[in-house]
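What follows is a single structure, written as structure tokens, with notes after it.
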Amino acid sequence: MEYNHQSLEKKWQQFWAEKGTFKPAATTDKPKYYVLDMFPYPSGAGLHVGHPLGYIASDIFSRYKRLKGFNVLHPMGYDSFGLPAEQYAIQTGQHPAVTTEANIKRYREQLDNIGFSYDWSREVRTSEPDYYKWTQWIFMQLFNAWYNVDADKAEPIDSLIKRFENNGSEGVNAVCDEDVTLFTAAEWKAFSEETQQLELLKYRLAYLRESTVNWCAALGTVLANDEVINGVSERGGYPVEQKKMMQWSMRITAYADRLLRGLDTVDWPEPLVEMQRNWIGKSVGASVKFPLPQFVSNIEVFTTRVDTIFGVSFIVLAPEHELVDTLTTIGQRAEIESYKEKTAKKSELDRMADTKTVSGAFTGSYAKHPLTGADVPIWIADYVLAGYGTGAVMAVPSGDQRDYVFAKHFNLPIIAISDVQDIAEEADATKEGRYINSDFIDGMVYEEAVPALIKRLEELGLGKAKINYRMRDAIFGRQRYWGEPVPVYFKEGLPYLIEEEELPLLLPEVDKYLPTETGEPPLGRADGWKYQGKYDYELSTMPGWAGSSWYWFRYMDPTNKESFAAKEAVDYWKSVDLYIGGSEHATGHLLYSRFWNKVLKDLGYHNEEEPFKKLINQGMIQGRSNFVYRVLDDEGKGTNLFVSHGLRDQYSTMALHVDVNIVYHDVLDTAKFKAFRPDFANAEFILEDGKYICGTEVEKMSKSKFNVVNPDDIIETYGADTLRLYEMFLGPLEQSKPWNTNGIEGVYKFLRKVWRLFHDAEGKLVISDEEPTKAEYKALHKIIKKVEEDIERFSFNTSVSAFMICVNELTDLKCNKRKILQDLIIVLEPYAPHITEELWALLGNEAGTISYATYPPFRPEYLVESEFAYPVSVNGKMKMNLSLALDLDPKAVEEIVLGNADVQRYLDGKGVKKVVFVKGKIINIVV
RNA sequence: GCCUAGGUGGUGGAACUGGUAGACACGCAGGACUUAAAAUCCUGUUCCCGUUAAGGGAGUGCGGGUUCGAUUCCCGCCCUAGGUACCA
């Protein structure tokens with residue numbers, strides 16, 4: 001029998017599906033292991049060869065863990081709410097659910113072709129009512145929760161109401177809006193229902209408030225900060241402007257510190273951890289008040305360098321700061337107004353691009369320095385951002401470059417504050433030296449000055465130590481159709497949750513997927529969509545990240561009708577042990593998921609502080625485009641003549657993308673090229689060495705560049721096992737690399753060699769039950785050890801090489817021993833499950849059971865070297881046998897190498913100055 | 001600018017805590033089998049010198065350093081990719 005990958009792979013894929021081979025056991029004494037892939041958005045383009053890279057890696061790991069005796073949960077599903085299906089709906093009128101369903105079907109076929117060991121009975125789709133019912137339910141939990149800082153956790157809103165009823169707002173330490181009211185218990189009880197609800201909204205973790213949002217007019221929706229890149233939308237690259245809107249938000253800032261601390265406990269790639277740290281952006285410093293006696297008020301600033309406070313020579317407010325109008329004197333009014341107007345016109349993008357120009361305006365007012373009482377002039381400038389800190393800074397030109405430039409430009413004083421500071425040319429932010437010109441901290445060092453200053457400021461009531469975060473609360477509403485409806489209705493303008501029994505709140509049908517004529521979101525078009533027939537529902541839907549922020553829980557118990565997942569299931573599977581996906585989710589999905597996980601933990605639904613224990617980022621697979629060079633005539637028009645890459649400099653040419661699927665090793669198949677496009681039918685070629693060589697370039701994989709390689713085509717020609725092995729062989733998993741089919745023959749050849757180990761020249765199975773030789777055992781145990789080590793450190797590419805070496809060795813040994821081959825295919829199973837399943841059955845084992853085999857134990861004794869030809873270097877240069885180097889007899893060398901001898905006894909009198917041991921072995925001798 | 005990762009043959013890449021750099025694979029060259037092709041197998045393949053060979057020299061982005069010994073560790077620089085930015 002020949003190795004026929006096509007029939008063999010289909011057969012086993014069907015077998016696995018029918019038998020449910022990869023369903024984890026419900027009850028078992030095996031340890032659990034949860035391997036998760038980031039589930040895909042099912043796009044219309046289908047999968048290309050880059051997409052399954054991470055899935056293959058996680059599948060290898062899952063299968064390996066099964067062989068190692070773990071009860072493995074390895075599920076897959078679809079993040080099926082999203083913009084492309086909605087855009088398509090707007091253009092064609094086709095319901096997004098229909099598009100989505102078709103795309104999912106295609107994805108499923110493609111995934112099935114690769115032979116993944118998913119338990120498809122646990123599939124989830126975020127756009128299914130059975131699923132988004134629980135997304136809505138979690139929203140309700142967030143709405144009904146507040147963050148208690150003293151307990152450092154979220155608590156049900158009822159506990160807050162009780163405190164208000166008993167003690168009023170006294171002593172409540174919450175993460176909440178800034179404009180909360182102070183009241184007594186009696187006052188609380190006297191409040192109207194409306195006032196009470198308005199007040200509670202300021203504490204809820206899911207809350208409604210007017211906030212400045214990133215509004216994208218082209219997409220007709222608001223975007224979260226992580227969806228805006230350099231002032232344009234991540235999706236589509238449309239301009240984004242700032243706009244004030246009533247919006248649902250999530251109080252993720254309450255968790256800033258826990259999100260930061262949790263990063264120390266997870267096993268994630270360092271770059272990703274860094275990205276999250278930067279995103280959260282914790283700054284430790286102080287908040288300082290600069291009094292404004294004439295207004296019985298003060299300006300609050302945040303600084304990380306309170307020690308430089310005596311170097312303050314002015315204060316800068318953001319142009320949008322609320323005190324600007326109050327502070328502007330009559331004389332300065334015109335100047336300030338014109339400056340405000342100018343900055344308002346500048347878009348976020350311009351403001352970021354233009355960091356060179358110094359601009360600002362003086363308000364005409366002065367604040368009192370909190371420690372010296374000196375008058376400090378108050379300016380406005382657009383280098384101070386309204387959205388960070390308090391929107392006001394104390395300017396210390398000697399210690400901050402921006403302040404320095406500003407001071408120089410507007411001729412403001414620059415005060416040195418350290419005896420080692422060099423401020424002749426630019427600011428010097430040093431913390432070294434001792435303070436000068438600094439009142440009572442003169443002569444102190446940094447470490448003494450900071451606590452002394454904080455203490456003094458606290459005594460004066462003009463400042464305190466403070467921690468500031470860059471991260472903002474997450475905007476939760478989208479003015480879109482294809483998303484989860486928010487389970488909220490409005491009564492007297494106030495939001496109320498619908499009853500839990502009324503979930504899911506189904507997405508209503510609409511006639512069109514565009515905003516209404518009055519500018520309301522698409523849901524405003526839904527006929528008679530009112531709560532109890534009279535109250536307006538919330539019209540915005542949830543953002544894309546809602547459904548993906550908890551999905552790993554649903555896999556644990558995907559069909560549960562009573563809860564998002566049964567307590568027993570959650571207690572058993574706990575959290576994800578291994579998560580594989582792209583690093584592009586660093587500040588979106590991975591942050592929001594950690595946030596919701598923590599909220600659900602605080603509310604008592606599970607016990608895991610972090611959802612993803614270990615995380616691996618697979619690299620992006622780019623496209624590798626091929627080009628042909630069309631010769632241009634004198635008028636610069638394209639001819640029907642195409643010149644090979646090496647000769648193109650001799651002509652005037654135009655490079656054209658050519659389908660990579662008709663190019664082999666960069667040699668164009670000219671016959672297929674003529675059929676590629678009708679206008680190429682009469683193409684002629686200028687060849688080099690009888691071939692047409694194409695040019696190449698690495699680009700994003702996309703249809704328009706004709707560089708998309710469909711895994712289905714590869715599988716058709718070489719099989720799924722080859723694809724799996726080759727994707728791993730391509731290089732380290734984490735690395736981004738261009739796809740190149742050139743080397744795939746090598747792994748295909750390897751699989752045929754594996755097949756031939758079991759078969760003779762006629763294709764007949766020939767297996768011997770004889771005892772294997774030492775050399776055969778050695779080859780086997782080398783691979784057992786190597787693959788185990790490689791998989792544990794996610795170095796899949798080196799395993800593939802090791803397999804090739806092993807099979808070459810066994811082929812040379814003409815090994816056909818059952819004891820060797822059976823263990824070999826068990827070790828190979830995670831990488832190439834189809835061929836191994838077939839061979840397993842051919843060996844007479846029960847069909848379809850290799851996945852439940854036991855990974856063969858490694859026996860080190862088979863790897864021990866018996867010879868004593870032991871190379872050493874002498875003076876780090878020459879390499880020679882130890883017996884030659886020291887003129888010793890082989891017996892003595894054997895004793896030394898085995899560590900049984902007193903080395904010195906043999907080395908005395910040989911002129912040896914130093915012996916270098918590595919791991920107990922002699923590596924080098926210095927004479 | 002800052003943070004992170006990386007820079008090794010014609011190509012993808014290997015070398016796991018410092019110990020024979022270039023495993024494995026592709027490609028290329030030559031050969032065997034075959035009427036021929038496919039398939040398969042064998043040999044060679046870092047560069048330079050040496051007619052072949054024996055042998056010698058250089059070599060992991062660049063310049064230094066530590067060490068008997070450095071792709072690996074340290075210092076300074078250059079380049080590439082990703083992230084991020086008037087964040088006070």
Side-chain angles (χ1 to χ4, degrees), chain A residues 2 229-230 269-279 281-283 285 301-306 308 316 318 351-358 381-385 387-396 399-403 405-406 429 468-471 583-584 586-587 617 619-620 624 665-666 696 725-726 729-732 734-747 749-750 752-753 756 761 786 789-790 792-793 795 797-806 808 811 871-879 913-919 921-927:
Chain A
E2 278 293 298
I229 314 279
N230 289 333
E270 197 48 40
L272 201 84
V273 171
E274 261 325 290
M275 268 190 246
Q276 287 212 349
R277 279 204 189 105
N278 291 338
W279 189 261
K282 181 177 181 173
S283 310
V301 302
F302 175 74
T303 178
T304 54
R305 291 295 302 275
V306 71
T308 64
V316 188
R351 224 164 126 168
M352 280 196 296
D354 183 19
T355 59
K356 292 274 183 291
T357 333
V358 183
D382 65 2
Y383 80 85
V384 175
L385 305 174
Y388 182 75
T390 58
V393 302
M394 58 177 223
V396 183
D400 183 287
Q401 186 58 23
R402 291 157 305 177
D403 297 345
V405 173
F406 195 85
N468 215 11
Y469 296 95
R470 195 188 84 111
M471 185 170 67
S583 60
E584 67 272 19
T587 50
N617 286 131
M620 281 255 284
R624 185 175 181 278
H665 291 296
D666 298 333
T696 65
L725 279 163
Y726 186 58
F729 182 70
L730 223 44
E734 299 91 333
Q735 213 169 81
S736 286
K737 56 229 158 191
W739 175 267
N740 188 343
T741 312
N742 286 351
I744 200 165
E745 295 280 350
V747 291
K749 229 183 261 182
F750 157 76
R752 286 193 306 233
K753 280 185 187 169
R756 279 204 303 277
K786 173 76 176 152
E789 285 171 357
D790 282 350
E792 299 282 358
R793 64 191 173 104
S795 175
N797 54 328
T798 51
S799 285
V800 181
S801 295
F803 277 123
M804 291 176 176
I805 296 170
C806 175
N808 284 341
T811 306
V872 296
S873 65
V874 178
N875 291 340
K877 284 224 167 84
M878 290 186 302
K879 276 139 244 154
K913 285 197 195 115
K914 190 177 166 192
V915 179
V916 183
F917 289 87
V918 172
K919 293 178 234 168
K921 278 186 160 188
I922 299 172
I923 290 297
N924 184 59
I925 294 165
V926 186
V927 294

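Quick note on labels: first sequence line is chain A, next is B, and so on, each numbered from 1. Worth saying up front: this structure is predicted, and the values here are computed from it rather than measured.
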Nearest listed nucleotide, side chain of [X], among [options]:
{"X": "A:Arg793", "options": "B:rC87, B:rA15, B:rU4", "result": "B:rA15"}
{"X": "A:Asn797", "options": "B:rC24, B:rA14, B:rU4", "result": "B:rA14"}
{"X": "A:Lys749", "options": "B:rC41, B:rU84, B:rA88", "result": "B:rC41"}
{"X": "A:Tyr388", "options": "B:rC87, B:rA15, B:rG12", "result": "B:rC87"}
{"X": "A:Pro271", "options": "B:rU4, B:rC41, B:rA14", "result": "B:rU4"}
{"X": "A:Phe729", "options": "B:rG12, B:rC16, B:rA88", "result": "B:rG12"}
{"X": "A:Lys737", "options": "B:rC3, B:rC87, B:rG13", "result": "B:rG13"}
{"X": "A:Arg756", "options": "B:rC3, B:rC41, B:rA88", "result": "B:rC41"}

Now, which nucleotide makes the Watson-Crick or G-U wobble pair with [N], with each of the two distances under 3.5 Å?
{"N": "B:rG69", "answer": "none"}
{"N": "B:rU60", "answer": "none"}
{"N": "B:rA54", "answer": "none"}
{"N": "B:rC41", "answer": "B:rG31"}
{"N": "B:rU80", "answer": "B:rA5"}
{"N": "B:rA15", "answer": "none"}

With [atom1] as the reference atom in both, quote the distance from [N] to [M] in angstrom, rounded to an integer.
{"N": "B:rU8", "M": "B:rC62", "atom1": "P", "value": "10 Å"}
{"N": "B:rA23", "M": "B:rU11", "atom1": "P", "value": "14 Å"}
{"N": "B:rA32", "M": "B:rA37", "atom1": "P", "value": "12 Å"}
{"N": "B:rC47", "M": "B:rA53", "atom1": "P", "value": "14 Å"}
{"N": "B:rG22", "M": "B:rA14", "atom1": "P", "value": "15 Å"}
{"N": "B:rG63", "M": "B:rU4", "atom1": "C1'", "value": "25 Å"}
{"N": "B:rG59", "M": "B:rC49", "atom1": "C1'", "value": "15 Å"}
{"N": "B:rG65", "M": "B:rU17", "atom1": "C1'", "value": "22 Å"}

* Test log, rule side chain to side chain contact (heavy atoms under 4.5 Å, CB included), inputs A:Leu730 and A:Gln735 -> CA-CA 10 Å; A:Leu730 223 44; A:Gln735 213 169 81; over 6 Å; no
Starting from [atom2] on [N], measure out to [atom1] on [X] and report it in whole angstrom.
{"X": "A:Glu2", "N": "B:rA38", "atom1": "CD", "atom2": "P", "answer": "17 Å"}
{"X": "A:Trp279", "N": "B:rG82", "atom1": "CH2", "atom2": "C1'", "answer": "15 Å"}
{"X": "A:Asp790", "N": "B:rA14", "atom1": "CG", "atom2": "C1'", "answer": "11 Å"}
{"X": "A:Asn740", "N": "B:rG10", "atom1": "CG", "atom2": "P", "answer": "17 Å"}
{"X": "A:Met275", "N": "B:rA85", "atom1": "CE", "atom2": "P", "answer": "12 Å"}
{"X": "A:Leu730", "N": "B:rA14", "atom1": "CG", "atom2": "P", "answer": "11 Å"}
{"X": "A:Asn808", "N": "B:rC41", "atom1": "CG", "atom2": "P", "answer": "8 Å"}
{"X": "A:Gln735", "N": "B:rG12", "atom1": "CD", "atom2": "C1'", "answer": "10 Å"}

**Item:** Ionic contact status for A:Arg277 with A:Glu270, cut-off 4.0 Å
**Value:** yes
In short, A:Ser283 meets A:Phe302 closest at the heavy-atom pair O-CZ, 3.6 Å
All heavy atoms of A:Asp403 vs all of A:Val396, minimum pair found to be OD2-N, 2.9 Å
By the 4.0 Å heavy-atom rule, please label [X] as base, sugar-phosphate, or nothing.
{"X": "A:Pro732", "result": "sugar-phosphate"}
{"X": "A:Lys753", "result": "sugar-phosphate"}
{"X": "A:Asn742", "result": "sugar-phosphate"}
{"X": "A:Phe750", "result": "nothing"}
{"X": "A:Arg277", "result": "nothing"}

Is there any protein nitrogen or oxygen under 3.5 Å from a nitrogen or oxygen in nucleotides 71-73 of chain B, and what are the pairs?
none

Here the gap from A:Lys737 atom NZ to A:Arg624 atom CZ, rounded to the nearest 0.5 Å, amounts to 15.5 Å
Distance col, row A:Thr304:OG1 vs A:Asn468:CG, nearest 0.5 angstrom, shows 10.0 Å
With syn defined as a glycosidic angle within 90 degrees of 0 and anti as anything else, the base of B:rG56 is anti
Between A:Arg624 and B:rG12, is there a side-chain N or O to OP1/OP2 distance below 4.0 Å?
no
(request) Evaluate the ring planes of A:Tyr726 and A:Trp739, with Trp represented by its six-membered ring, and classify them as parallel (under 30°), tilted (30 to 60°) or perpendicular (over 60°). (result) perpendicular
Evaluate A:Thr798 against A:Lys786 for side chain to side chain contact (heavy atoms under 4.5 Å, CB included), listing each step before the verdict. CA-CA 9 Å; A:Thr798 51; A:Lys786 173 76 176 152; 4.0 Å; yes
